[in-house]
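From a predicted model like this one, the values you see are computed outputs, not experimental measurements.
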Amino acid sequence: MTVRRGDKVPISIQEHMAINVCPGPIRPIQQISDYFPRYTPWPEGTASPTGPPRSLSPLDIPVPSADPTADSTELDNYDSDDGTALGTLEFELLYDEDKCILQCCILRAKGLKPMDFNGLADPYVKIHLLPGACKANKLKTRTVRNTLNPTWNESLTYCGITHEDMGKKVLRISVCDEDKLSHNEFIGETRVPLRRLKPGQRKHFNICLERQIPLPSPSSMSAALRGISCYLKELERCQEWELEERGRILLSLTYSAERGGLVVGIVRCAHLAAMDVNGFSDPYVKTYLKPDVEKKSKHKTAVKKKTLNPEFNEEFFYKIGQVELHKRSLEVTVWDYDLGKSNDFIGGVTLGVNSKGECLKHWMECLSSSNQRIEHWHTLTNELPGSTYTD
């Protein structure tokens, strides 16, 4: 191509769209000719105004000196996609050790991730205690419609939370979007170990929501890792089965020296597992003093309809000497009443000298003190005592 003196050299559209691809911030190219050198055939005897042609490598491109102050400012102002992109949640936690109550006050959320076509969401909050059966201890707030900055100001309360629970439990708080036409969508979550709380002191939190961490896909693992993964999953299932909770029960024990026997009080239950299709249960409680050779130690409370937090306030009396109680154990089971078919087992607990934790502590306090009513919350598990009757 012949170019006359004084005419502009045509530049292709590819050169106009070229950008600096070196590491660092993307910057537009100021002088494209330096990156795409073009040799123009000038007439003989005339020097090219741009000098002889030369080739540049990316390493020859001058890079502006880094300003440490500017870098630190950028890092401070950087919004992590795993942090503020999902929004923040503000809440308060208070543990009452005397009443065994954990109060969770859900205040508000800000900057939630849009989940609906209109760029908004219908958020609500649900909380679980881990480890344990999520359905048995799930609590949730109301849904706030069409907003990314909802305010709830709702108080959700767990009953029967012992000092032992505070040392090993974790509170999982999830924010979800309600969708009436399909399944609800997960927005983000945060988890708070209860050991961070001090009894009687209200603690305020304002935390960025996080995503659920997905498990690695087995197809992306080696054969050895897949084997280890399967083993860990089986071990986790076994541990979950052992730790599965079905609710809480408040029991009172009194050894009456005047009557010469043990008075067992069934006060109430809380956060029972739902056994019916309507999301509730029809619970009642049975007690046995084992060993029971003559099978005459069974007592049963009245059935409470359609509730997961029944109040019984019933007492049963066992005629037995205080020394003899060291050889016995008290089995307490909670059942769901079903008309016309077998009743469903919800959960149970055993108190005796061979028990552990709160069960052993409660039993020994009863044996060591007469005429004193001693109340304790106990965790119901899915383990059915082997000698419990199902009638």
Side-chain angles (χ1 to χ4, degrees), residues 96 98-104 126-129 132-141 154-162 164-165 169 243-254 262-289 297-318 330-351 358-359 362-363 366 373-385 388-391:
D96 189 334
D98 296 333
K99 298 181 180 180
C100 296
I101 289 177
L102 175 64
Q103 184 179 13
C104 180
K126 61 179 181 180
I127 61 176
H128 303 90
L129 280 176
C134 291
K135 292 183 179 180
N137 57 45
K138 181 181 74 173
L139 300 176
K140 60 180 292 187
T141 67
E154 288 191 40
S155 182
L156 307 177
T157 303
Y158 281 109
C159 298
I161 305 300
T162 63
E164 183 180 358
D165 294 326
K169 293 286 185 180
L243 293 173
E244 183 178 354
E245 298 178 3
R246 298 293 184 86
R248 306 295 174 101
I249 186 169
L250 179 59
L251 300 176
S252 69
L253 297 180
T254 308
L262 176 67
V263 180
V264 179
I266 310 297
V267 183
R268 57 177 297 198
C269 294
H271 316 300
L272 293 180
M275 308 301 290
D276 298 335
V277 293
N278 59 5
F280 294 96
S281 294
D282 301 323
Y284 67 94
V285 180
K286 293 192 296 184
T287 64
Y288 295 90
L289 193 61
S297 68
K298 184 182 75 171
H299 290 283
K300 185 164 58 174
T301 67
V303 177
K304 302 296 181 179
K305 295 290 186 178
K306 200 177 179 180
T307 179
L308 301 180
N309 300 279
E311 294 189 8
F312 298 99
N313 293 316
E314 298 187 32
E315 291 186 346
F316 307 125
F317 178 75
Y318 291 99
L330 179 68
E331 291 183 359
V332 182
T333 55
V334 183
W335 298 78
D336 170 54
Y337 175 77
D338 288 325
L339 182 63
K341 56 181 180 180
S342 60
N343 300 327
D344 298 321
F345 173 72
I346 296 179
V349 63
T350 301
L351 285 72
E358 291 291 330
C359 297
H362 195 184
W363 189 253
C366 174
R373 178 185 171 93
I374 303 172
E375 288 188 355
H376 274 280
W377 282 96
H378 298 282
T379 300
L380 299 170
T381 66
N382 62 332
E383 183 180 4
L384 179 66
T388 300
Y389 312 108
T390 59
D391 56 337

Asker: For residues P283 and L272, determine if any side-chain heavy atom of one lies less than 4.5 Å from a side-chain heavy atom of the other.
Answerer: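 Touching, per the 4.5 Å side-chain cut-off.
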
Asker: Output all residues satisfying salt bridge (Lys or Arg N to Asp or Glu O under 4.0 Å) with D336, sequence neighbours left out; order by chain, then residue number.
Answerer: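 For D336, no residue satisfies salt bridge (Lys or Arg N to Asp or Glu O under 4.0 Å) once neighbours in sequence are set aside.
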
Asker: When you compare the side chain of K305 with that of F280, does any pair of heavy atoms fall below 4.5 Å?
Answerer: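 In short, these two side chains do not touch, never coming nearer than 4.5 Å.
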
Asker: Between H362 and H378, what is the ring plane arrangement, given parallel below 30°, perpendicular above 60°, and tilted in between?
Answerer: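 Rings of H362 and H378: parallel, as their planes differ by under 30°.
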
Asker: State, with a plain yes or no, whether a side-chain heavy atom of T379 is found less than 4.5 Å away from one of R248.
Answerer: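 The answer is yes, as the side chains (C-beta and beyond) meet within the 4.5 Å cut-off.
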
Asker: Show me the donor-acceptor pairs, under 3.5 Å and distance only, between side chains in residues 306-318 and residues at least two apart or in other chains.
Answerer:
from, atom 1, to, atom 2, distance (Å)
T307, OG1, N309, N, 3.0
N309, OD1, H271, N, 2.9
E314, OE2, A302, N, 3.1
E315, OE2, R373, NH1, 3.0
Y318, OH, T287, O, 3.4
Y318, OH, T287, OG1, 2.8
Y318, OH, S297, O, 2.7

Asker: How far does NZ of K99 sit from CD1 of I161, to the nearest 0.5 angstrom?
Answerer: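 Interatomic distance, K99 NZ to I161 CD1, rounded to 0.5 Å: 15.5 Å.
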
Asker: Check for a donor-acceptor pair, side chain of R246 on one end and backbone N or O of I346 on the other, with a separation under 3.5 Å.
Answerer: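 Yes.
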
Asker: Before giving the answer on side-chain contact (heavy atoms from CB on, under 4.5 Å), spell out for W335 and K286 the whole-Å C-alpha distance, their side-chain angles and the decisive distance to 0.1 Å.
Answerer: CA-CA 8 Å; W335 298 78; K286 293 192 296 184; 3.1 Å; yes

Asker: If I take atom CD1 from residue I266 and atom OH from residue Y284, how far apart are they, to the nearest 0.5 angstrom?
Answerer: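 So the gap between those two atoms works out to 13.5 Å.
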
Asker: Just checking, is any N or O donor in the side chain of D165 or Y158 under 3.5 Å from an acceptor N or O on the other one?
Answerer: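 Note: D165 and Y158 side chains miss the donor-acceptor criterion.
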
Asker: Looking at CD1 of I374 and OG1 of T254, how far apart are the two atoms once the value is rounded to the nearest 0.5 Å?
Answerer: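 Here the interatomic distance stands at 7.0 Å.
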
Asker: Taking the side chain as C-beta and beyond, is there a heavy-atom pair between W377 and E358 under 4.5 Å?
Answerer: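 W377 vs E358: side chains apart.
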
Asker: Can you confirm whether D276 sits close enough to D338 that some side-chain heavy atom of one is under 4.5 Å from a side-chain heavy atom of the other?
Answerer: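 Yes. Closest side-chain heavy atoms under 4.5 Å.
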
Asker: Do any N or O atoms from the side chain of T333 and from the backbone of G348 form a donor-acceptor pair under 3.5 angstrom?
Answerer: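 Such a contact is absent between T333 side chain and G348 backbone.
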
Asker: Sequence neighbours excluded, which residues qualify as side chain to side chain contact (heavy atoms under 4.5 Å, CB included) partners of C104?
Answerer: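 Counting only residues at least two positions away or on another chain, C104 forms a side chain to side chain contact (heavy atoms under 4.5 Å, CB included) with L93, I106, I127, L171, I173.
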
Asker: Which distance, rounded to the nearest 0.5 Å, do you find between the SG of C366 and the CG of L351?
Answerer: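 Between atom SG of C366 and atom CG of L351 there are 9.5 Å.
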
Asker: Nearest 0.5 Å, please: how far is CZ in F345 from CG in L380?
Answerer: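 Here the rounded value is 8.0 Å.
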
Asker: Report yes if the side chains of R268 and C159 come closer than 4.5 Å at any heavy-atom pair, otherwise no.
Answerer: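 SC-SC contact between R268 and C159 confirmed.
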
Asker: Between OH of Y337 and CG of N343, what distance do you get to the nearest 0.5 Å?
Answerer: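 Answer for the OH-CG pair, Y337 versus N343, is 7.0 Å.
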
Asker: Looking only at side-chain N and O atoms, does Q103 offer a donor or acceptor that is under 3.5 Å from a partner on S155?
Answerer: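 A pair is found: one side chain offers a donor N or O, the other an acceptor, under 3.5 Å apart.
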
Asker: Decide yes or no for V264 and L289: does some side-chain heavy atom of the first lie under 4.5 Å from some side-chain heavy atom of the second?
Answerer: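 SC-SC contact between V264 and L289 ruled out.
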
